[in-house]
Amino acid sequence: MSAQALALTPASIRELVGRFYARAREDAELGPVFEAAVEDWDHHLDHIALFWSSALLGVGRFTGSPMIAHRRNPITPRMFDRWLALWGETTDEMFPGEIAQALQARAARIGESLKLGLFFNPADHAGAAAERA
């Protein structure tokens with residue numbers, strides 16, 4: 001499919017998710033985590049496509065808690081950078097520049113939110129705040 005001809009629809013988001021996860025599963029850093037975490041890939045891809053359709057198009061059929069789902073897996077903050085790089089490659093291939101950039105920006109915000117929820121510990125920063133006061 002030509003990037004110029006592809007619009008952002010639930011069907012194109014499902015295709016994006018499928019292409020992205022094909023890459024992620026082959027990735028040396030991310031692949032083992034995904035392979036250990038996902039048992040039914042068809043279901044997972046459909047579920048994640050619903051998440052992105054909800055986030056991007058307001059199609060409100062997604063149910064679940066991304067924070068809880070990610071908490072169960074052995075991920076590190078650095079893995080989010082790799083995830084975003086693969087997402088960027090995939091969106092750049094599939095969509096025109098403006099749409100790809102919007103998808104990348106949204107993924108970056110979602111990734112930052114997940115990182116904060118998973119790895120930020122206020123106690124780690126309490127000493128620095130007290131020193132500044």
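When a residue number appears, it is its place in the shown sequence, counting from 1. What you are looking at is a predicted structure, and each value in this text was computed from that prediction instead of being measured.
Distance CG/Leu16 to CD1/Ile99: 11.0 Å, rounded to 0.5 Å. Ile110 CD1 to Leu84 CG: the interatomic distance, rounded to the nearest 0.5 Å, is 10.0 Å. Taking OG1 of Thr76 as the reference point, atom CZ of Arg82 lies at 12.5 Å (rounded to 0.5 Å). Atom CG of Leu86 sits about 9.0 Å away from atom CD of Glu29, to the nearest 0.5 Å. Rounded to the nearest 0.5 angstrom, Thr90 OG1 and Glu15 CD are separated by 11.0 Å.
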- Could you please spell out the steps behind the salt bridge (Lys or Arg N to Asp or Glu O under 4.0 Å) verdict for Glu89 and Arg19? CA-CA 10 Å; Glu89 291 172 13; Arg19 287 187 191 189; over 6 Å; no
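Proximity of Leu103 to Leu8: side-chain heavy atoms (C-beta onward) are separated by under 4.5 Å at one or more points. Looking at Phe34 and Trp41, their side chains come closer than 4.5 Å, going by heavy atoms from C-beta outward. Between Tyr21 and Leu45 the shortest side-chain heavy-atom distance falls below 4.5 Å. Taking the side chain as every heavy atom from C-beta outward, Phe95 and Ser12 approach each other to under 4.5 Å. The closest side-chain heavy-atom distance from Trp83 to Leu114 is not below 4.5 Å.
By the side chain to side chain contact (heavy atoms under 4.5 Å, CB included) test, Pro77 is found to be paired with Lys115, Phe119, residues two or more places apart in sequence or in another chain being considered. Applying the side-chain hydrogen bond (donor to acceptor under 3.5 Å, both in side chains) test to Glu26 and every residue at least two apart in sequence or in another chain returns nothing. Listed by chain and number, the residues in a salt bridge (Lys or Arg N to Asp or Glu O under 4.0 Å) with Asp81 amount to none (sequence neighbours excluded).
Evaluation of the side chain to side chain donor-acceptor pair (under 3.5 Å) test over residues 96-107, restricted to residues two or more places apart or in two chains, returns Thr91-Gln104, Asp92-Gln104. Sorted by first then second residue, the salt bridge (charged side-chain N to carboxylate O under 4.0 Å, His left out) pairs that include residues 35-56, not counting sequence neighbours, are Arg14-Asp46, Arg25-Glu35.
Across all non-hydrogen atoms, the minimal contact from Pro10 to Ser53 is CA-OG, 3.8 Å. Considering all non-hydrogen atoms of both residues, His44 and Val38 come closest at CB-CG1, 3.6 Å.
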